[in-house]
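Letters A, B, ... are given to chains in the order of the sequence lines, protein chains preceding strands, and every chain is numbered from 1.
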Amino acid sequence: MRLGYDFFQRDVLTVAPALLGAYLVRVYNNQKLVCKIVETEAYRGPEDKGCHAYRNKRTKRTEALFLPGGHAYIYMIYGMYYMLNIVTAQQDQPQAVLIRAAEPREGIETMRNLSGHTGNFERLLSGPGKLCRALAIDRTFNGYNLVEGTELFIELGETVPENQIVHSKRINIDYAEEYKDKLWRYYLSDNPCVSRIDNK
DNA sequence: TCTACGATTTACT
DNA sequence: GTAAATCGTAGAA
């Protein structure tokens, strides 16, 4: 069952942990690529100094963050990687969940070919840049409707017990001052596919 | 226009 | 532990 607007149009701090265990589906050349989300981070503008839309900063890049929950926000980082975010809450509330890592489920060979990854299965989607590469997600999906679209969407997946969800500090946002210490990163404990397990 | 740099990954000392 | 790859965007000039 696909997740709908009612799921995404809630506060990002509710949606980010709720996405753990859900299935991210990418239909690429008529082939279904499926993976289970195991790591997310919440970005909560306008208050969040780590969020691109801090203080409601509205630019060409951040425009998609202001869409209603259920759309995608994609941007390029370091000149070579795309990041996949799920916009949450109501229109004009710039919040999004960064999908940081997932566990491959279907179409693994295609994912390997797309990413050129030769390592082991657990590392194929273990990072936001790698995940986008292996699923052929680029900026054409910026602003994409994940509720009604057919090439990229999210399905109800496995139910995750509360006690398996680890809360930690977000990665690589040292510029965010007091917000860098917020425990807005969520991942499944003991899952070998998360990007890293250190850090609090 | 011009410049600096990032919600990363990988390889290397 | 540190550094390089690589480019669109934001903010300054």
Side-chain angles (χ1 to χ4, degrees), chain A residues 8 11-13 15-17 19-20 24 35 37-67 69 71-89 93-104 111-144 146 166-187 192-200:
Chain A
F8 298 112
D11 191 275
V12 70
L13 297 182
V15 178
L19 278 171
L20 295 177
L24 174 64
C35 56
I37 297 170
V38 301
E39 178 178 345
T40 61
E41 277 180 8
Y43 286 84
R44 196 165 188 263
E47 58 154 302
D48 181 3
K49 291 180 179 174
C51 182
H52 290 160
Y54 173 54
R55 295 198 318 219
N56 279 313
K57 188 169 69 170
R58 199 159 184 154
T59 65
K60 187 173 182 180
R61 178 174 68 159
T62 64
E63 196 58 39
L65 278 170
F66 293 83
L67 291 170
H71 290 76
Y73 168 51
I74 312 244
Y75 65 93
M76 171 168 270
I77 190 69
Y78 299 110
M80 60 190 95
Y81 297 106
Y82 292 103
M83 302 280 116
L84 168 63
N85 295 254
I86 313 297
V87 177
T88 67
Q93 289 185 264
Q95 310 183 343
V97 179
L98 171 65
I99 307 299
R100 286 194 55 89
E103 182 181 305
M111 294 181 198
R112 277 195 206 282
N113 291 338
L114 282 166
S115 67
H117 192 265
T118 54
N120 59 349
F121 161 88
E122 289 84 1
R123 302 282 87 194
L124 183 55
L125 304 175
S126 63
K130 296 160 74 177
L131 184 146
C132 284
R133 218 176 31 181
L135 296 178
I137 293 170
D138 61 22
R139 76 160 10 99
T140 63
F141 283 102
N142 191 38
Y144 192 82
L146 298 166
V166 179
H167 298 231
S168 82
K169 294 182 185 177
R170 293 175 292 177
I171 308 288
N172 285 341
I173 52 160
D174 291 343
Y175 54 83
E177 300 176 33
E178 75 271 24
Y179 279 86
K180 75 176 162 58
D181 294 325
K182 295 283 182 186
L183 300 180
W184 289 354
R185 172 176 177 241
Y186 310 91
Y187 62 90
C193 299
V194 300
S195 62
R196 39 172 114 167
I197 55 172
D198 54 319
N199 161 287
K200 260 207 183 66

Contacts table for residues 124-135 of chain A: side-chain donor-acceptor under 3.5 angstrom, sequence neighbours left out:
residue, atom, partner, partner atom, Å
A:Ser126, OG, A:Arg123, O, 3.1
A:Ser126, OG, A:Lys130, NZ, 2.9
A:Lys130, NZ, A:Arg123, O, 2.8

Hey, is the side chain of A:Asn172 poking within less than 4.0 Å of OP1 or OP2 on B:dT8, counting only N and O atoms?
-> yes
Short side-chain N/O contact to B:dA7 OP1/OP2 from A:Arg185, under 4.0 Å | no
Check DNA chain B against residues 50-58 of chain A and give the residues with a non-hydrogen atom under 4.0 Å, in numerical order.
-> A:Gly50, A:His52
Between atom CZ in A:Arg133 and atom C1' in B:dT9, what is the gap in whole Å?
-> 8 Å
A:Tyr73 has an atom OH; how far is it from atom P of B:dA7, in whole Å?
-> 9 Å
Are A:His167 and A:Tyr186 an aromatic pair by the rule of ring centers under 6.0 Å?
-> yes
In which stems does DNA chain C show up, taking only runs of three or more Watson-Crick or G-U wobble pairs whose two distances fall under 3.5 Å?
-> B:1-6 with C:7-12, B:8-12 with C:1-5
Residue list, side chain to side chain contact (heavy atoms under 4.5 Å, CB included) with A:Val166, at least two apart or on another chain | A:Tyr187, A:Ser189
Can you give the first and last nucleotides of DNA chain C, 5' to 3', that have an atom under 4.0 Å from a heavy atom of chain A?
-> C:dA5 to C:dG11
Taking only residues two or more places apart in sequence or in another chain, which ones pass salt bridge (Lys or Arg N to Asp or Glu O under 4.0 Å) with A:Glu122?
-> none
Give me the atom names and distance for the closest heavy-atom approach of [X] to [Y].
{"X": "A:Ala136", "Y": "A:Leu114", "value": "CB-CD1, 3.9 Å"}
{"X": "A:Pro17", "Y": "A:Leu13", "value": "CD-O, 3.2 Å"}
{"X": "A:Phe8", "Y": "A:Val15", "value": "O-CG2, 3.9 Å"}

Cationic tip of A:Arg44 within the cone over A:Tyr179's six-membered ring, i.e. under 6.0 Å and within 45° of the normal?
-> no
